[in-house]
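Scroll down for the structure; my scribbles are underneath it.
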Amino acid sequence: MIKSLSTNPYSDQKPGTSGLRKKVPVFQQKNYAENFIQSIFDSLEGFAGETLVIGGDGRYYNREVIQKAIKMAAANGFGRVLVGRGGILSTPAASNVIRKYKAFGGIVLSASHNPGGPTEDFGIKYNVGNGGPAPEKVTDAIFDRTKVIDSYKIANVADVNLDVEGSQQVEDMTVTVIDPVADYAELMESLFDFSAIRKLISGGFRVVFDAMSAVTGPYAKEIIEKRLGAPKGSVMNFIPLPDFGGHHPDPNLVHARALYEIMMAHDAPDFGAASDGDGDRNLIIGKGIFVTPSDSLAILAANAHLAPGYAKGLAGIARSMPTSGAADRVAEKLGIGLYETPTGWKFFGNLLDEGMATICGEESAGTGSNHVREKDGLWAVLLWLNILAVRKESALDIVRQHWSTYGRNYYSRHDYEGVDSDAANGLITALRDKLAGLPGKNFGALTVETADDFSYNDPVDKSVSKNQGIRILFRGGSRVVFRLSGTGTSGATLRVYIERFEPDPARHDLDTQEALADLIAVADELAEIKARTGRQEPSVIT
Ligand code: VG1
Ligand code: CO
């Protein structure tokens, strides 16, 4: 074991919603990754002899950092490391492995949906023993530690062979290379009716899944093609590549355009889906219909009882604040709790652990349940397939029926990426200063009901998270929400979330942007988006 003096304390950024994300060259600086990993270990207590799970989404620099993390875990006194073969573990699979093998925690290497490659993004996040993202008190401790850290511990040994399953010894620690897919596939099989889905598929129902050259390829191949019998080729871009084949593995209508076009063609398959870099997000497109993530959450919650794992019903539903209110009306009808949390999966952990919520979701294409403590892309796809197999209706029909029962929430997110940080912060501050004067004010036909900066009181650990997004609610259930991204790696990203509730089925066929046009104009007027950011339009509309 050697103790090296750090020459380059990592310092400048609080680990955000999902750990620390930076460009690869930043992580490649001498001692940079080591300092962050040591800061994680220094912020934890009681892990001597315990198990640590390590894996990543296969992006550029994954293997190098895994080797460092293994040697540092040995030098810091962990008893065992479980690492996915080839350094691969999707975020939900890592969560499952942590839980199943009662690990102390896990290090997941990913920058999620951000592009990968020598000049693109890399990331490190720490998950705790329940399998979920570290809560704020842990990420705060890690951040504080990074500011003062001056040394780290690392074993001076050869690299571990990550490509052969089985156990090896690194000093006093055992490293076991595990099949990254097996435990996860088994978990999915325990939740869903695979034989019903197999029957659906063998009856001619066509599924296409785009792994976007990222981590879900091996998982989707095993589950969708091998276990569920979809024909070879149903899973596209299934080999995880260090640069994701140049794809931007963000499953939305911009970056998963190829899939969208397949699904809108007249000979389209029945069901299309995609996932992101680390496998925790999902995109759902039925033949001829894109299902917004917020609608998907509501529809999954309303139909979950059709899958064996949820046959007893749901305890509650949780959604992040910017996610549309569609799920709220499902919870109301089911007579169960609805929890509104800040953006980021870590806020769902307590609700899931306490059995208060069963299904959770975010507007950013994250959906999941109490089966792990992360959002789970393939899980959402399989729950959809299970529902389709039982209901024997098309995705389009299921969505339309859902709207006529519950009303439709038109919804869109407008992102302004790479905005000057001062301009973005100035915009939020100026909005915050206006809030008190807004209630009762009219903007055309829209009247402001309430306006605030969202603050969350965790009902379990009683912690308070302030300043989680500016929300302006109008009479009738429309709203606009503004917040700054915590996951970007260059400049600031302003996210504007726009939502309108439409109960009338005769008005469920409008174009989304048109249906939201007046709210979009009010959002610009209130926040002075064009003037302050210098942008005439959003960089991405989802
Ligand atoms: C984004 C999404 C948020 C999600 C987070 C991590 O955060 O909005 O809903 O939880 O990414 O997702 P932000 O702060 O950029 O808006 V992932 O797939 O990167 O683990
Ligand atoms: Co992700």
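Atoms within a ligand are numbered from 1 in the order they appear, just like the ligands themselves.
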What part of [X], side chain from CB on, backbone N/CA/C/O, both or neither, has a heavy atom under 4.0 Å from ligand 1?
{"X": "Ser364", "value": "side chain"}
{"X": "Lys346", "value": "neither"}
{"X": "Asp276", "value": "side chain"}

Below 4.0 angstrom from a heavy atom of [X], which ligand 1 atoms are there? Numbered from 1 as shown, please.
{"X": "Gly344", "answer": "10 (O)"}
{"X": "Ser112", "answer": "17 (V), 18 (O), 19 (O), 20 (O)"}
{"X": "Asp280", "answer": "17 (V), 18 (O), 20 (O)"}

Is [X] in polar range of ligand 1, meaning some N or O pair under 3.5 Å apart?
{"X": "Arg495", "value": "yes"}
{"X": "Ser485", "value": "yes"}
{"X": "Arg281", "value": "yes"}
{"X": "Gly486", "value": "yes"}

### Query
Can you name the N/O/S atom of Asp276 that is nearest the Co ion (ligand 2)?
OD2

### Task
Could you check which N/O/S atom of Asp278 is closest to the Co ion (ligand 2)?
OD1

### Query
Would you find more than 12 non-hydrogen atoms of other residues, nucleotides or ligands less than 6.0 Å from Glu537 atom CD?
no

### Task
Using a cut-off of 6.0 Å, state whether more than 12 heavy atoms not belonging to Lys434 lie near its atom NZ.
yes

### Task
Could you tell me how the ring of Phe122 sits relative to the ring of Phe27: parallel (under 30°), tilted (30 to 60°) or perpendicular (over 60°)?
perpendicular

### Task
Measure up the Phe347 and Tyr456 rings against each other and bin them: parallel (under 30°), tilted (30 to 60°), perpendicular (over 60°).
perpendicular

### Summary
Separation between CZ (Arg413) and CG (Asn252), nearest 0.5 Å, reads 8.0 Å

### Message
Has Asn386 got a side-chain atom pairing as donor or acceptor with Leu382's backbone, closer than 3.5 angstrom?
### Response
no

### Query
Short question: side chain of Ser478, backbone of Phe474 - any donor-acceptor pair under 3.5 Å?
no

### Task
For Tyr184 and Asp376, test the side chains for any donor-to-acceptor distance below 3.5 angstrom and give the result as yes or no.
yes

### Message
If the contact criterion is a heavy-atom separation under 4.0 Å, does Arg21 count as touching ligand 1?
### Response
yes

### Query
For ligand 1, is Glu374 a contact, meaning one of its heavy atoms is under 4.0 Å away?
no

### Query
Are Lys68 and Glu64 ion-paired here, with the side-chain N under 4.0 Å from a carboxylate O?
no

### Summary
Filtering Asp278, Thr343, Thr493 for the heavy atom nearest atom 3 (C) of ligand 1 leaves Thr343

### Task
Could you please spell out the steps behind the ring pair (Phe, Tyr, Trp, His ring centres under 6.0 Å) verdict for Tyr260 and Phe290?
CA-CA 8 Å; Tyr260 181 75; Phe290 157 62; 7.2 Å; no

### Task
Have a look at the Co ion (ligand 2) and estimate, to 10 degrees, the angle subtended by OG (Ser112) and OD1 (Asp280).
170°

